[in-house]
Number of protein chains: 2
Amino acid sequence: MQLSNSSQYAIRILAYMTDKKDSPLINATELAETLFIPYKFLTKIMTDLVKVDLVESIRGREGGFKLKKKSSDIMVGDILDVFNDSIKDEQCVLGIGFCNGLCKCALHDQWMEPKLLLQKMFRESSLEDIAGRGCKI
Amino acid sequence: MQLSNSSQYAIRILAYMTDKKDSPLINATELAETLFIPYKFLTKIMTDLVKVDLVESIRGREGGFKLKKKSSDIMVGDILDVFNDSIKDEQCVLGIGFCNGLCKCALHDQWMEPKLLLQKMFRESSLEDIAGRGCKI
DNA sequence: TGTTAATTCTACCTTTAAGTAGTAATTAAA
DNA sequence: TTTAATTACTACTTAAAGGTAGAATTAACA
C-alpha cells in the first residue's frame, strides 16, 4: 500500500526543483546525487516528465531541466498520473475497478473516507505547497 | 496505490468464509470457483493463512478449511500483515521508512490524516464487520 | 486395504517494476 | 572546428509479484 518508486522519486525531484527555481537550469547529475536516485533511472523519469510537459529540457553542454509551469500550477496528482499511480474514482480498496459506488464489497464503506482524503490531497497539493522544507530525501 | 492481489484475495476469501461459517468446512475448489481466484494461486494463499493460524486446514478426503478464530477476532490488519501490506507507523507517503514523525518531507503533513484513517480502518474492521454483503467479488 | 478427494510441498514460469549499459544526438565553450 | 557536457534513445538485466504444474501427503470411505 504505497506509491511506486517512480512516483516517489518524481515528487522529490520536482519538489527539489521548486526549491531551486531561481537557478536557471538543474542537471541530472545534481538531481541524482542530491536526491540519492540512481542516475540512469532518474534520466528515464526526467524523460517521462518532459514528455508530459511538466518539465522542460535543454540539451547539450550547459543544459539541464527546469519546470515548465509555475510550481503552484503543478499538482501532485499530475505527477502520479504520469506513472499511473493516482486513485481513480471507481477504484475499490479490494482492487475491483468500476464499482462506481454501487459496489457492496467488504470494506467498501470504510474505504470511502480515506480514499476521498487521498484524492483531495493529490488534487489540491501543488509543488508550491509541499516544497521548501529543506528535506532532500 | 493499492493493496497487493494476495491481500485483496485473502480478504475476500475470509469474508466469504465468515458468511458461510455455519458450514463445517469449505474446500479450495469452492473458494476458487465462487470468488474467481485462480485455483493454484488460491491454495498458495490458503497455505499462508494456515501458517499464521488465521485458518485451520483439514487434509484428506472430505477435508477443507475453516476459520481458526471467531470472525469478530480477525481484523483486516491481521490479514494484511501476512502479505506485508499493512501501513507501518513510520511509513512516509514518499516511501521513506522510519521518519517517525520527524520527517519533514514533502507531503508529510498531508499524509498524516488519511494514513491514520487507513490504519484505523485496518485495525478496527473485523471480518464480522465487513462480511454479509452478498457481494462475492 | 485400495481408491479417491482433498491439502501441501517444491519447483518452475510469466509479467511487471526497477534499475543498468551503451550509444546517439545536441549544443556551448574552448 | 574540436571537445566536453549534457539529454534522449534503445535495449538489456535484475528483482519481485503473480501465477502454474505436478507429485507427495493425508484421511474418509467403499
Side-chain angles (χ1 to χ4, degrees), chain A residues 1-13 17 23-68 79-80 82-86 94-96, chain B residues 1-13 17 23-68 79-80 82-86 94-96:
Chain A
M1 191 81 181
Q2 71 174 47
L3 299 176
S4 68
N5 279 13
S6 295
S7 288
Q8 294 173 26
Y9 287 156
I11 293 170
R12 287 167 45 206
I13 291 164
M17 292 176 71
S23 317
L25 287 176
I26 304 169
N27 68 39
T29 305
E30 174 180 349
L31 290 170
E33 289 178 354
T34 313
L35 302 173
F36 302 100
I37 300 172
Y39 176 82
K40 282 290 196 179
F41 194 36
L42 177 131
T43 59
K44 183 186 278 183
I45 290 169
M46 294 314 288
T47 302
D48 291 339
L49 296 176
V50 168
K51 279 188 183 139
V52 296
D53 271 347
L54 290 178
V55 165
E56 183 176 352
S57 68
I58 312 294
R59 297 176 65 164
R61 186 164 177 163
E62 309 281 288
F65 301 96
K66 64 181 177 189
L67 296 180
K68 193 150 183 184
I79 305 168
L80 302 192
V82 179
F83 305 99
N84 262 305
D85 224 354
S86 51
L94 295 188
I96 309 149
Chain B
M1 190 82 181
Q2 71 173 47
L3 299 176
S4 67
N5 279 11
S6 295
S7 288
Q8 292 172 25
Y9 287 156
I11 293 170
R12 288 167 45 205
I13 291 164
M17 291 176 72
S23 318
L25 287 176
I26 305 170
N27 68 38
T29 304
E30 173 180 351
L31 290 170
E33 288 178 355
T34 312
L35 302 173
F36 303 100
I37 299 171
Y39 176 83
K40 283 289 194 177
F41 194 35
L42 178 131
T43 60
K44 181 188 280 186
I45 290 169
M46 295 313 288
T47 303
D48 292 337
L49 296 175
V50 168
K51 280 188 183 138
V52 297
D53 272 346
L54 290 177
V55 164
E56 183 176 352
S57 68
I58 311 294
R59 297 177 64 163
R61 183 166 178 161
E62 309 281 289
F65 302 94
K66 65 180 175 186
L67 296 180
K68 193 149 183 186
I79 305 169
L80 301 192
V82 179
F83 305 99
N84 262 304
D85 224 354
S86 52
L94 296 188
I96 309 152

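All figures in this text were calculated on a predicted structure; none of them were measured in a lab. Lettering follows sequence order; numbering is per chain, from 1.
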| field | Side-chain heavy atoms of B/I11 within contact of B/L3, under 4.5 Å | value | yes
| remark: For nucleotides 25-30 of chain D, 5' to 3', base contacts (B), sugar-phosphate-only contacts (S) and non-contacts (-) with protein non-hydrogen atoms under 4.0 Å give BBBB--
| query | Roughly, in whole Å, what's the span from CD in A/E33 to P in D/dT6? | reply | 11 Å
| query | What's the CZ-P distance between B/F36 and D/dG19, to the nearest Å? | reply | 15 Å
| query | With a 3.5 Å cut-off and just heavy-atom distances, do the side chain of B/K40 and the base of D/dG18 make a donor-acceptor pair? | reply | no
| query | Which atoms form the tightest heavy-atom contact between B/I79 and B/A10, and what is the distance? | reply | CG2-CB, 3.6 Å
| request: Figure out the NZ/P separation between A/K68 and D/dT7, and round it to whole Å. | output: 16 Å
| Spacing of B/I13 atom CD1 relative to C/dT7 atom P, expressed in whole Å | 12 Å
| request: Calculate the interatomic distance between B/I37 atom CD1 and D/dT20 atom P; express it in whole Å. | output: 12 Å
| query | Base, sugar-phosphate alone, or nothing: which one does A/Y39 contact when heavy atoms must sit under 4.0 Å apart? | reply | base
| said: Show the nearest heavy-atom pair for residues B/A28 and B/T43, with the distance to one decimal. | reply: CB-CG2, 4.0 Å
| remark: Atom CG of A/L42 and atom P of C/dG19 are separated, to the nearest Å, by 12 Å
| field | Stepwise side chain to side chain contact (heavy atoms under 4.5 Å, CB included) check, B/I37 with B/L31 | value | CA-CA 8 Å; B/I37 299 171; B/L31 290 170; over 6 Å; no
Pull out every protein N or O sitting under 3.5 Å from an N or O of nucleotides 11-18 of chain C, one pair per line with the distance.
{"residue": "C/dA18", "atom": "OP1", "partner": "A/N5", "partner atom": "N", "Å": "3.1"}

| query | When rounded to the nearest 0.5 angstrom, what is the spacing between CZ in A/F65 and CD in A/E30? | reply | 11.5 Å
| field | OG on A/S6 to NZ on A/K44, rounded to 0.5 Å | value | 8.0 Å
| request: Grab the two heavy atoms, one from B/G63 and one from B/L25, that are nearest each other, plus how far apart they are. | output: C-CD1, 3.8 Å
| request: Take the protein atom CD1 of B/I26 and the nucleotide atom P of C/dA6, then report the distance between them rounded to whole Å. | output: 14 Å
| Spatial distance of atom OG (A/S7) from atom CG (A/N84) [nearest 0.5 Å] | 9.0 Å
| Atom pair distance, as rounded to whole Å: CD in A/E30 and C1' in D/dA5 | 15 Å
| request: For DNA chain C, determine which residues of residues 45-53 of chain A have any heavy atom closer than 4.0 angstrom to one of its atoms, and list them numerically. | output: none
| remark: Between A/V50 and A/S57, the two heavy atoms sitting closest are CG2-CB, 3.9 Å
| field | Any side-chain heavy-atom pair of A/M46 and A/I13 under 4.5 Å | value | yes
| task | Using only side-chain N and O atoms of B/S57, determine if any of them is under 4.0 Å from OP1 or OP2 of C/dT8. | result | yes
| Short question: side chain of A/D85, backbone of B/M1 - any donor-acceptor pair under 3.5 Å? | yes
